[in-house]
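Structure first, then comments.
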Amino acid sequence: MYLKALELQGYKSFANKVEFVFDRGVTAVVGPNGSGKSNVADAIRWVLGEQSYRSLRGKKTEDMIFSGSDGRARLGMASATLILDNSDKWMPIDFSEVTISRRAYRSGENEYYLNGSRVRLKDVAELLARGGMSRQTYTVIGQGMIDRVLSLHAAERRLLFEEAA
Amino acid sequence: MYLKALELQGYKSFANKVEFVFDRGVTAVVGPNGSGKSNVADAIRWVLGEQSYRSLRGKKTEDMIFSGSDGRARLGMASATLILDNSDKWMPIDFSEVTISRRAYRSGENEYYLNGSRVRLKDVAELLARGGMSRQTYTVIGQGMIDRVLSLHAAERRLLFEEAA
Amino acid sequence: MEEAFAETFEQVAKEFKNYFSMLFGGGEAQLILTDPDNMLETGVDIVARPPGKRLQSMALLSGGERSLTAQALIFSLLRISPTPFVIFDEVDAMLDEANVGRFRDALSRLADEIQFIVITHNRRTIESANTLYGVSMGDDSVSQVYSLKVDEWLEAKKAAKV
Amino acid sequence: MEEAFAETFEQVAKEFKNYFSMLFGGGEAQLILTDPDNMLETGVDIVARPPGKRLQSMALLSGGERSLTAQALIFSLLRISPTPFVIFDEVDAMLDEANVGRFRDALSRLADEIQFIVITHNRRTIESANTLYGVSMGDDSVSQVYSLKVDEWLEAKKAAKV
Ligand SMILES: Nc1ncnc2c1ncn2[C@@H]1O[C@H](COP(=O)(O)OP(=O)(O)OP(=O)(O)O)[C@@H](O)[C@H]1O
Ligand SMILES: Nc1ncnc2c1ncn2[C@@H]1O[C@H](COP(=O)(O)OP(=O)(O)OP(=O)(O)O)[C@@H](O)[C@H]1O
Ligand SMILES: [Mg+2]
Ligand SMILES: [Mg+2]
């Protein structure tokens, strides 16, 4: 399975709709400080169902939505969509393309979508788990995380192995 | 006042005696990973009287002494000497050059020297305090420290101001 | 459950030795169970000895050495239990040129089975990419994204440095 | 005692606004007392708003923005209450080229009254130095030190990149 594309709209600093198209090799993301690179990493974690706002550098749902700027009014909704190629059936479902979406509103409400149909968070989590993607602990290695891996307590480090098991 | 030179012998990875000569401008220290650059920063903190081994990335006196390598036997003593130009009498003592030294032995014993005479740690601390150098919190900004300044609790951050006051 | 953990630990621990020696060009390291008789609750510790140096507490390692050691663990976990794609956010920030090269090699070796998305400021890491995206902040403080060609970007960077 | 803290805080807070705007090329920031009626025990908080962006929690700042904000605080403390010399260990690690330039400018402005020793991997920071020391690990795993000329080192680095 591989990631074909990521679409963002209203997610953090991505007020305008953007699309990243990935191929199977190594993709590098570059740009100046504060431009939005880590926000892309956050978006991927977020659309995979991350519930800890702290790990997304926020405190609540609202922090995920474009808060406005000198040049632009704030938005009412954030959305991110992952488009996955599943032709190798890594995920044991009968789709060769899997689309996972998440939307959040200022009310604090979060919605999850699988191939365009509204589902519950646990449906997304279950699907990912069956596809071996519940190991979120090392799917996205965030900025500054690499050193934390070493300063974890032995008990915390064990969790990485439990995820891998 | 300014730092004229730093001599190290047996301090951490500096098994051989080395001398850094500084002038009044900006000095840059470069080199590969693990070569000893941060050890130089530790040495300066150490000779200024640092008592927290944790902030020196160690646990006890012994960690400050060259522990040996494939090519070299371990040493029994570590020493660092700071040579300061005091012609502006920043330190209110009657010397235009001030030398501060520290030695440590595997026994755990630490010795302090001022202008060649053995003194107690508190004499060094007192002299530095009178010279406005008790503010160790921001004399040496260690690797990874810059982010910690922001993640400090408000109460911890206050300490920086107390040092400055 | 304990079985799975024990087996995974065995395999990852084996990989870890290899990855550490590869990333450090030598030396040795080990993953250690804090309580081997209690597989249900044991934690996992790391000991590491860079080439030529003597085994000491992990705290005495340099910034770059810590990065490489952590990378050895992450790569080992990925090798034994891959996720289809992985995002690395500036994991090469502390590495000198030689070590970025080794990080890149580790990346390319796994790149057949794992799709890597690497956020980086580092030229040498960028050289190993086949797709390049630039992100920048517009005047309206909104993020903009554009697709770049690796060789063109490298050329532009070289020109800017002169 | 309370007096000294209060006065120092006032002065540093004033500098902090300036340093922040200078390092960010705009925007605004403030140091805030958590308990202004209790000068004996009050803590100090930071709020920061990069140029063009809206004021948000500090956690949402980027890696480089955090570095710059912390630098603004350190430089402010140094400006109000200098120590004769300061050692910076890789404080520029997270900064992009433009921001390293601003860090350098802040450095040079204080360099008349404070002697800076800067451990760095960054070319642009090295360009601002007048003395350069190289540290390397010998084959016997013992640190070696040698004095370098800034322009020669820069030349060598440029040549190596081609
Ligand atoms: N909800 C939001 N609305 C608007 N802007 C936001 C929101 N959340 C975060 N941001 C902005 O995004 C910026 C941080 O972006 P990000 O962390 O992705 O930067 P980066 O490209 O990784 O930079 P660096 O190289 O410094 O790590 C911050 O300036 C922050 O103000
Ligand atoms: N007591 C000691 N005896 C021998 N070697 C030591 C001792 N203490 C630390 N070292 C060695 O010093 C090295 C770390 O050096 P240091 O932290 O100064 O590197 P650095 O140049 O700052 O590298 P980086 O660029 O990665 O931060 C480690 O490899 C460690 O093994
Ligand atoms: Mg970032
Ligand atoms: Mg270092």
Side-chain angles (χ1 to χ4, degrees), chain A residues 1-3 12-16 18-32 34-41 44-45 66 69-72 84 90 131-133 135-136 138-150 153-158 160-165, chain C residues 4-5 7-9 12 34 41-46 58 63 66-67 69-71 73-74 77-78 80-91 107-108 111 115-121 125-126 128-145 147-148 150 153:
Chain A
M1 182 168 86
Y2 69 94
L3 183 49
K12 289 200 178 186
S13 57
F14 291 92
N16 294 332
V18 301
E19 189 184 34
F20 292 83
V21 176
F22 301 105
D23 71 25
R24 307 204 64 148
V26 175
T27 301
V29 178
V30 300
S35 57
K37 307 180 295 296
S38 297
N39 289 346
V40 175
I44 291 173
R45 215 183 219 154
F66 180 72
S69 66
D70 285 5
R72 188 76 176 263
L84 303 154
W90 178 289
M133 288 251 6
R135 41 196 78 112
Q136 278 208 44
Y138 55 86
T139 302
V140 181
I141 307 291
Q143 206 163 354
M145 264 291 293
I146 203 87
D147 205 84
R148 282 215 56 228
V149 165
L150 286 199
H153 291 303
E156 294 172 298
R157 202 173 293 120
R158 179 206 169 91
L160 293 168
F161 293 82
E162 289 184 351
E163 290 271 320
Chain C
F5 170 79
E7 189 179 340
T8 303
F9 175 78
V12 176
T34 51
E41 299 182 331
T42 178
V44 180
D45 255 339
I46 308 176
M58 294 282 290
R66 288 173 65 87
S67 280
T69 305
Q71 281 181 13
L73 177 55
I74 300 292
L77 289 160
L78 286 172
I80 297 308
S81 191
T83 66
F85 57 88
V86 170
I87 292 87
F88 278 157
D89 194 347
E90 299 202 28
V91 299
L107 217 61
S108 357
Q115 184 185 19
F116 286 105
I117 296 158
V118 193
I119 298 169
T120 181
H121 287 296
T125 304
I126 292 154
S128 68
N130 26 34
T131 313
L132 184 60
Y133 272 104
V135 182
S136 72
M137 245 316 132
D139 293 332
D140 53 358
S141 296
V142 169
S143 290
Q144 299 170 350
V145 177
S147 167
L148 299 164
V150 180
W153 186 91

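In what follows, every chain begins at residue 1, and chains take the letters A, B, ... in the order their sequences are listed. Side-chain atoms are counted along with the backbone in the values below, which use heavy atoms only and exclude waters and symmetry mates.
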Among [options], single out the residue with the greatest number of heavy-atom pairs under 4.5 Å to chain C.
options	answer
R24(A), H153(A), R72(A), K37(A)	K37(A)
S13(A), S69(A), G71(A), G144(A)	S13(A)
A28(A), A41(A), G25(A)	A28(A)
V21(A), V18(A), V40(A)	V21(A)

Task: Neighbour count >12 (heavy atoms, 6.0 Å) for atom CD, E19(A) - done: yes
Would you mind checking which part of [X] comes under 4.5 Å of any heavy atom in chain A, side chain (CB onward), backbone (N, CA, C, O), both or neither?
X	result
I74(C)	side chain
Q71(C)	both
S147(C)	neither
I80(C)	neither
T34(C)	side chain

- [ ] Could you tell me the separation between the OG1 atom of T125(C) and the CD1 atom of I119(C), rounded to the nearest 0.5 Å?
- [x] 12.5 Å
TODO: First locate atom CD1 of I141(A), then atom CG of L78(C), and finally report the distance between them rounded to the nearest 0.5 Å.
DONE: 7.0 Å
Open item on the list: Is there a side chain to side chain contact (heavy atoms under 4.5 Å, CB included) between F14(A) and V145(C)? Walk through the geometry before answering.
Closed with: CA-CA 9 Å; F14(A) 291 92; V145(C) 177; 3.6 Å; yes
Open item on the list: Can a donor-acceptor pair be found, under 3.5 Å and without considering hydrogens, that links the side chain of Q143(A) to the backbone of S38(A)?
Closed with: no
Task: Flag, side chain of Q115(C) to backbone of D23(A), donor-acceptor distance under 3.5 Å - done: yes
Relative to chain C, which segment of [X] carries a heavy atom at a distance below 4.5 Å: side chain, backbone, both, or neither?
X	value
V30(A)	both
N16(A)	both
E156(A)	neither

Do you know which of [options] has the most heavy-atom pairs under 4.5 Å to chain A?
options	result
V86(C), L73(C), L107(C), N130(C)	N130(C)
P84(C), G134(C), A129(C)	P84(C)
V44(C), T8(C), D140(C)	V44(C)
L77(C), T42(C), T120(C)	L77(C)
T69(C), V150(C), I126(C), I46(C)	I46(C)

- [ ] Might you work through the side chain to side chain contact (heavy atoms under 4.5 Å, CB included) test for F22(A) and T131(C), ending with a clear yes or no?
- [x] CA-CA 7 Å; F22(A) 301 105; T131(C) 313; 5.9 Å; no
TODO: Measure across V140(A) and R45(A) and return the closest heavy-atom pair with its distance rounded to 0.1 Å.
DONE: O-NH2, 3.0 Å
Open item on the list: If you define the side chain from C-beta out and look only at heavy atoms, does anything of V142(C) sit under 4.5 Å from F66(A)?
Closed with: yes
Open item on the list: In this structure, is the centre-to-centre distance between the rings of F116(C) and F88(C) below 6.0 Å?
Closed with: yes
Task: Parallel, tilted or perpendicular, as decided by the 30° and 60° cut-offs, for the rings of F9(C) and F161(A) - done: tilted
